[in-house]
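This one's a predicted model, so the numbers in the text were calculated from it and none came from an experiment. Values below: all heavy atoms of this structure, side chains included; hydrogens, waters and symmetry mates excluded.
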Amino acid sequence: MNFLLDTHVFLWLAAYPEKLSNRAEQIVLNADNSLFLSIVSLWEMQIKIQLGKLELDISLVDFWHGQQEKLQLIFLPAKEEHVWALANLALIHKDPFDRLLIAQSLYENMPIITADGTISKYNAEVIW
């Protein structure tokens, strides 16, 4: 099955795997599952690095490629259809990165692994 990782889950997998719920950990460790990371998450991390809100020991490029290989992550680009899907989302969540991740999750019919309880207020399937 396919799963979309929220940005914080991607970061926790690398640095704080103990923060994952048991269910999230089981899904991530199951080789039959495919894990996706969105361009939205890379964009969010790059901005947070530039704002001083996120620090990595290595460049984001090296971090991404290392985790991509280690976790066999699949890159999910932003599509025009993902942007149009935003029009159907209620303004429950104000974070633009999370809103686009929700739109991608819904459009791609892919559950999102997240600890963000606000995302569960949408019709997206949330795993935690």
Phe75 reachable from Phe3 in the ILVMFWY side-chain graph, under 4.5 Å edges: yes
I want to check something: taking the side chain as every heavy atom from C-beta on, are Leu51 and Lys48 in contact at a cut-off of under 4.5 Å? no
Once you round to the nearest 0.5 Å, how far does OG1 of Thr7 lie from CD of Glu44? 4.0 Å
Val61 with Val40, same ILVMFWY side-chain cluster at under 4.5 Å: no
Surrounding CH2 of Trp43 (heavy atoms of other residues, nucleotides or ligands, distance under 6.0 Å), is the total greater than 12? no
Shortest non-hydrogen separation from Pro111 to Ser105 and the atoms involved: C-OG, 4.2 Å
What are the two closest non-hydrogen atoms of Ser38 and Leu101, and how far apart are they? CB-CD2, 3.5 Å
Glu125 side-chain N/O to Asn109 backbone N/O, donor-acceptor pair under 3.5 Å: no
For atom NZ of Lys94, is the number of surrounding heavy atoms from other residues, nucleotides or ligands below 6.0 Å larger than 12? yes
If you define the side chain from C-beta out and look only at heavy atoms, does anything of Gln104 sit under 4.5 Å from Ile112? no
Spacing of CD1 belonging to Ile127 relative to CG belonging to Leu4, to within rounding of 0.5 Å: 11.5 Å
Out of curiosity, Met110 CE to Leu35 CG, how far, rounded to the nearest 0.5 Å? 10.0 Å
Check whether any side-chain N or O of His82 sits under 3.5 Å from a backbone N or O of Lys79 as a donor-acceptor pair, and report yes or no. yes
side-chain contact (heavy atoms from CB on, under 4.5 Å) with Asp6: which of Ile102, Ile113, Asp116? Asp116
Any donor-acceptor N/O pair, Ser34 side chain to Met1 backbone, under 3.5 Å: no
Just wondering, are more than 12 heavy atoms of other shown residues or ligands nearer than 6.0 Å to CD in Gln50? yes
Counting C-beta onward and ignoring hydrogens, is there a side-chain heavy-atom pair between Thr118 and Asp98 closer than 4.5 Å? no
Passes side chain to side chain contact (heavy atoms under 4.5 Å, CB included), Thr114 versus His8? Steps please. CA-CA 8 Å; Thr114 183; His8 66 273; 3.0 Å; yes
Verify, without hydrogens or angle tests, whether Ser21 (side chain) and Trp128 (backbone) share a donor-acceptor contact under 3.5 angstrom. yes
Might you confirm whether atom CD of Glu18 has over 12 heavy atoms from other residues, nucleotides or ligands at distances under 6.0 Å? yes
Mark yes or no for whether Tyr107, through its side chain, and Val83, through its backbone, hold a donor-acceptor pair below 3.5 Å. no
On a heavy-atom basis, which atom in Leu42 and which in Leu60 lie closest, and how many Å separate them? O-CD2, 3.7 Å
Please assess Leu54 against Ile47 for the test side chain to side chain contact (heavy atoms under 4.5 Å, CB included), listing each intermediate value before the final yes or no. CA-CA 9 Å; Leu54 175 64; Ile47 288 173; over 6 Å; no
Parallel, tilted or perpendicular: which one describes the rings of Trp64 and Phe10, with boundaries at 30° and 60°? tilted
Are Val126 and Ile92 co-members of a hydrophobic cluster defined by side-chain heavy atoms under 4.5 Å apart? yes
Under the rule for side-chain hydrogen bond (donor to acceptor under 3.5 Å, both in side chains), what residues qualify as partners of Asn2, not counting sequence neighbours? none
Side-chain contact test, heavy atoms from C-beta onward, threshold under 4.5 Å: evaluate it for Asn88 versus Leu106 and give yes or no. no
For the pair Met45 and Leu11, evaluate side chain to side chain contact (heavy atoms under 4.5 Å, CB included) and give the outcome as yes or no after the intermediate values. CA-CA 9 Å; Met45 288 183 289; Leu11 291 167; 3.7 Å; yes
Using a 4.5 Å cut-off on heavy atoms from C-beta on, say whether the side chain of Leu89 contacts that of Arg99. yes
